[in-house]
There are 2 protein chains.
Amino acid sequence: MKKEFRSGCPIASTLDVVGDKWSLLIIRDMLLKHKKTFKEISNSDERIVPSILSARLKLLESYKLIVKTKIPENKKENIYLLTEKGIRLAPIIIELSLWGNDNMQEFNKIDSIPDLNLEKSYIIQSVEDNYNTMLRNF
Amino acid sequence: MKKEFRSGCPIASTLDVVGDKWSLLIIRDMLLKHKKTFKEISNSDERIVPSILSARLKLLESYKLIVKTKIPENKKENIYLLTEKGIRLAPIIIELSLWGNDNMQEFNKIDSIPDLNLEKSYIIQSVEDNYNTMLRNF
DNA sequence: ATTTTTGCTTTCAAATTGATAGCAAAAATA
DNA sequence: TATTTTTGCTATCAATTTGAAAGCAAAAAT
């Protein structure tokens, strides 16, 4: 993967890795919906095409945000799981969700998100905990 | 110019507005460095080209994240200021910065960010307050 | 009066994204 | 066992977006 970083700015560096059109939606599906396979991720509302999904999964793997494994029961299917680095994107994902909910209603019909009344830090903690619990039971 | 939204997901909708390669870096310079003119924003470390900056400022204006004004002393120069919607991107910007600082060191030399020891919610509040104070004294 | 600056726009090339088809290996079904 | 379907991709090529350079009119500075 030959992608260059534009600068030493931590914001720009984060965006150089996950700031494309699809990466954070892939992470969203993995982190919030616990999706694990190519097919599951393909079937999002936004319909990412296979060539892009394939390229993005490789990039995310190269930056250690996800790992690719298999289960013994299925020799064909790849299982994609978030690493700790990937799980820690939860605060960014949640902030994107809250901002969209608060500020985009006038431009787009926004799906309601559950537990909006709860405190931000609690929501983030729950998302991370739930993913880790799923991992432990996998 | 009106870009379509991919879905009703609040995360996807936010990304449809600021999820391109440059918007959040423009917002970063406005919000953290209090940049206000085309020229100031042009001179970032990442060197955005005029055609892209022009297009992005128009898009951000159309979604009411920024407003374009002038000062009486200068008939030529446009002044770009963040609206409340734009200022409220502070949590996203700060989370991107923290994640990059914590997770990208092994791939890129990351500039150190000041006040990293302070609490997250305090950093966000300070950024928003400082911008609003600048606006009031403008 | 001339030069420089500003905030763009235009042009065109390069890179990225997207739609469709295809394909080999594995799994499911007959 | 043979055939069909599914899975996880890759290849191809068109469409869209991004990027580099130059240009330009109005305003400001000299």
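Chain A is the first sequence line, chain B the second, and so forth, proteins listed ahead of strands; every chain is numbered from 1. The analysis underlying the following values was restricted to heavy atoms, covering all of them including side chains, and did not include hydrogens, waters or symmetry mates.
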ask   = What is the distance from CG of B:Leu25 to P of D:dG19, rounded to the nearest Å?
value = 11 Å
note = Rounded to whole Å, CG of A:Asp20 lies from P of D:dT17 at a distance of 15 Å
remark   = pair_partner(D:dT6), Watson-Crick or wobble, both distances < 3.5 Å, evaluates to C:dA25
message = Under 4.0 Å from OP1 or OP2 of D:dT17: is there any side-chain N or O of B:Trp22 that close?
response = no
query = Can you tell me how far C1' of C:dT5 sits from CD of B:Glu40, to the nearest Å?
reply = 14 Å
remark   = Closest of C:dG18, D:dA20, C:dG7 to the B:Val49 side chain is D:dA20
task = Looking only at side-chain atoms of B:Lys39, point me to the closest of D:dC9, D:dT7, C:dT6.
result = C:dT6
task = Compare the minimum distances between each of C:dA26, D:dC9, D:dA26 and the side chain of A:Lys76, then state the nucleotide with the smallest one.
result = C:dA26
request  = If D:dT30 has a Watson-Crick or G-U wobble mate with both distances under 3.5 Å, name it; if not, just say none.
outcome  = C:dA1
ask   = Do NZ/NE/NH1/NH2 and the carboxylate oxygens of B:Glu106 and A:Lys64 come within less than 4.0 Å?
value = yes
message = So, OP1 or OP2 of D:dT10: does either fall under 4.0 Å of a side-chain N or O from A:Ser54?
response = yes
remark   = Which of C:dT17, C:dA27, C:dT6 is nearest the side chain of A:Arg56? It is C:dT17
query = What nucleotide, of D:dA26, D:dC9, C:dT10, holds the atom closest to the side chain of A:Lys58?
reply = D:dC9
query = Does D:dC9 have OP1 or OP2 sitting under 4.0 Å from an N or O in the side chain of A:Asn78?
reply = yes
ask   = How close or far is atom C1' of D:dT18 from atom CZ of A:Arg6, stated in whole angstroms?
value = 12 Å
ask   = Which whole-number value in Å describes the distance from B:Leu57 CG to C:dC8 P?
value = 7 Å
ask   = For B:Leu82, does its backbone N or O pair with a side-chain atom of B:Tyr131 as donor and acceptor, under 3.5 Å?
value = yes
message = How close do B:Asn108 and A:Ser7 get, counting heavy atoms only, and between which atoms?
response = ND2-O, 3.0 Å
ask   = With sugar-phosphate meaning primed atoms plus P, OP1 and OP2, does B:Ser42 contact a base, only sugar-phosphate, or nothing at under 4.0 Å between heavy atoms?
value = nothing
task = Give a yes or no answer on whether the side chain of A:Ser13 reaches the backbone of A:Cys9 with a donor-acceptor pair at less than 3.5 Å.
result = yes
task = Measure from CD1 on B:Ile26 to C1' on C:dG7 and round the result to the nearest Å.
result = 14 Å
message = Could you tell me how far apart A:Glu77 (CD) and D:dT6 (C1') are, to the nearest whole angstrom?
response = 10 Å
ask   = Would you say the side-chain atoms of B:Trp99 pair up with the backbone N or O of A:Lys85, donor to acceptor, closer than 3.5 Å?
value = yes
remark   = Between A:Asn74 and B:Ile79, the residue closer to the 5' end of DNA chain C by nearest nucleotide is B:Ile79
query = Counting only side-chain N and O atoms of A:Lys21, is one of them less than 4.0 Å from OP1 or OP2 of D:dT18?
reply = no
ask   = Looking across every strand, which nucleic acid part, if any, lies under 4.0 Å from A:Lys70 by heavy atom: base, sugar-phosphate, or nothing?
value = nothing
task = Sort out for me which residue in A:Ile66, A:Leu59, A:Leu60 forms a side-chain contact (heavy atoms from CB on, under 4.5 Å) with A:Tyr63.
result = A:Leu59
query = Closest nucleotide of DNA chain C for B:Ile52 versus for A:Ile48: which of these residues is on the 5' side?
reply = B:Ile52
Separation of D:dG8 C1' from A:Leu53 CG (nearest whole Å) = 9 Å
